[in-house]
Amino acid sequence: EKSEMYCGEVFLLLLATTAFIAQTNGKEVEKTELRVLIYPYIPDLKNDGLKSLRKYIKKEFEAGHPDITLHVDGDPSVHDPYSTDNLKTYLGTNGYDVVEVDTILLGEMVKLNLVEPHPHPGIPLDDSSFLRFAVDAVRYKGHVYGIPTLVCANFLAAMTSENGKDDAVNLIGSFRGSWTLPGHYLNAYINKYGASSMDDGVLSNPPEHSDVLNSIRQFSDTCVRKDGSNPCTDKTYKDNTSAQINDVIKSKSSHFLAYAEVIGQALFTDPSLKVTSVKVPPFGGAGYLQMYTDALVANRNTYKATCWWQTGTRTKAKKNAIQKFMAFYTSGDFRYKYAFCGDMDFKCIRYVLPACSAFYKNTLVHWNSFYTQLYDVMMTSGTAGPNHEIYYKKDCLDGSISTQLKYPPL
């Protein structure tokens, strides 16, 4: 039985692709050019703009696919996959063959006719191959538009620090930021009214549910310090994970509200830190956890031939290359190397959450206490977040929610 499980693949075609020749078993093989943009906002533990990771992806993929030349981009200081204009460029005629995107924008990409539906029919998108909410996230109006790669959510982790000198604090985490607060609101909403209650009306209207707002207020009030300040709702922690991590390290014990990979960065920064428990944030109600999903999408402009000179063998080779990359990049084997820093010259764990089910069956993952707790919470409480309509309304929602909660102006 193969250890590799499918979970994703992406690729891109330039208008003027040059033919390259490789030697395989003594035979000349025309090489296909493939251009990929990976999701750039993951822990950059080497502080090199993910350069080492990109080189590693290229090396690992080309070793098994000598007929393909892979070009990998994805630098957090250069690429922003949340801008509509950028997405039009990345998935445009002269863009990338494959782009790893946040599916919160999937509906917008479909409406702009940027992504190809059903990019890899050979990869089974079912609960045995992928986490169920990740599969839901790549579906839009009856069609599949991507192959899931990563998931994320705000978890509440109980932390202890052997080096901590400050008193214990009840909560460290942010309730401010253009997406942070709307995300908390949606998570609180589904906990009050159920995951199936999320519809376009909830996403479009200004927040008016006092019970939902009260649950957020009650939770954020647990962050108030002895001097009456609240770093969770003022600008102290806003878009500043370093400040949050520093306070976790300084505290003898704390509850850290953050993405798994941010909690992982704290563990990397101070190995004496321990995670004693992982829970769903207490927004009340059913205990749902809203999950977000990244996925590989295929550029519709390059996936299908549109000009007479793009048809035939070369177009088929491009499509095959895209699908080979998707299978490689989302396999259980590569997801393990990705999470456990196979690209690094030192030991570390990124604590990203692969969408591929096979990853969690790996022995080293299974025996990792933090990963085990994260997986249990996801499988018990995880539900797919929205994949349309919401993201570009975040600033309006943030202003409305923060005003109603009477958070201080930033």
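Every value quoted in this text rests on a predicted model; they were computed, and no experiment measured them. Quick note: numbers below take in every heavy atom, side chains included, and nothing from hydrogens, waters or symmetry partners.
For the 3.5 Å distance criterion, the side chains of Y351 and N368 qualify, holding a donor opposite an acceptor. In summary, the side chains of D85 and S83 do not present any donor paired with an acceptor at a separation below 3.5 Å, with no hydrogens or angles considered. A donor and an acceptor atom, one from each side chain of Q290 and Y288, are nowhere located under 3.5 Å apart.
For C341, the disulfide bond (SG atoms under 2.5 Å apart) partners at least two apart in sequence or on another chain are C348. Residues that satisfy the salt bridge (charged side-chain N to carboxylate O under 4.0 Å, His left out) test with K250, not counting sequence neighbours, are D247. Looking at residues two or more places apart in sequence or on another chain, you find a side chain to side chain contact (heavy atoms under 4.5 Å, CB included) between R217 and N214, D221, L405. Residues satisfying the salt bridge (charged side-chain N to carboxylate O under 4.0 Å, His left out) criterion with K347, sequence neighbours excluded, are absent altogether. Checked against salt bridge (charged side-chain N to carboxylate O under 4.0 Å, His left out), K55 has no partners two or more places apart in sequence or in another chain.
Classification of K88 and E108 as a salt-bridged pair fails, no side-chain N sitting under 4.0 Å from a carboxylate O.
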**Prompt:** What's the verdict on side chain to side chain contact (heavy atoms under 4.5 Å, CB included) for L213 and I401, showing C-alpha distance, side-chain angles and the deciding distance?
**Reply:** CA-CA 8 Å; L213 293 168; I401 297 168; 4.0 Å; yes
**Request:** For R335 and T149, run side chain to side chain contact (heavy atoms under 4.5 Å, CB included): C-alpha distance rounded to whole Å, both residues' side-chain angles, the deciding distance at 0.1 Å, then the answer.
**Result:** CA-CA 8 Å; R335 290 288 94 187; T149 55; 3.9 Å; yes
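Y193 and Y189 have tilted rings, their planes meeting at an angle from 30° to 60° on a 0 to 90° scale. Ring geometry, Y371 versus Y360: the interplanar angle exceeds 60°, so the pair is classed perpendicular (tilted spans 30 to 60°). Between F219 and F283, the ring planes are perpendicular. Angles over 60° get that label, and only those under 30° would be called parallel.
Shown here for Y90 and V78, the closest heavy-atom pair between the two residues is OH-O, 4.4 Å. The minimum heavy-atom distance linking N230 with V224 is given by the pair ND2-CG2, 3.7 Å. Contact detail for S357 and S128: the closest heavy-atom pair is CB-O, 3.6 Å.
Panel note: side chain H255, backbone N170; a donor-acceptor pair is recorded below 3.5 Å. N86 places no side-chain N or O within 3.5 Å of a backbone atom of Y82 that could act as its donor or acceptor partner. In this structure a side-chain-to-backbone donor-acceptor pair under 3.5 Å is missing from R176 to D234. Judged by distance alone, with hydrogens and angles left aside, the side-chain atoms of T276 form a donor-acceptor pair with the main-chain N or O of A158 at under 3.5 Å. Judged by distance alone, with hydrogens and angles left aside, the side-chain atoms of D398 form no donor-acceptor pair with the main-chain N or O of P182 at under 3.5 Å.
Note that the OH atom of Y145 and the OH atom of Y140 stand 8.5 Å from one another [nearest 0.5 Å].
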Just list the side-chain donor-acceptor pairs under 3.5 Å for residues 259-274, sequence neighbours left out, or say none.
| unit_1 | atom_1 | unit_2 | atom_2 | d |
| --- | --- | --- | --- | --- |
| T269 | OG1 | Q265 | O | 2.7 |
| D270 | OD1 | N163 | ND2 | 3.3 |
| D270 | OD1 | S272 | N | 3.0 |
| D270 | OD1 | S272 | OG | 2.8 |
| D270 | OD2 | S272 | OG | 3.2 |
| S272 | OG | N163 | ND2 | 3.2 |

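Residue D343 forms a salt bridge (Lys or Arg N to Asp or Glu O under 4.0 Å) with just one option from K46, K58, R350, R54, and that option is R350.
Relative to the ring axis of Y391, K394 places its NZ or CZ within 45° and under 6.0 Å from the centre.
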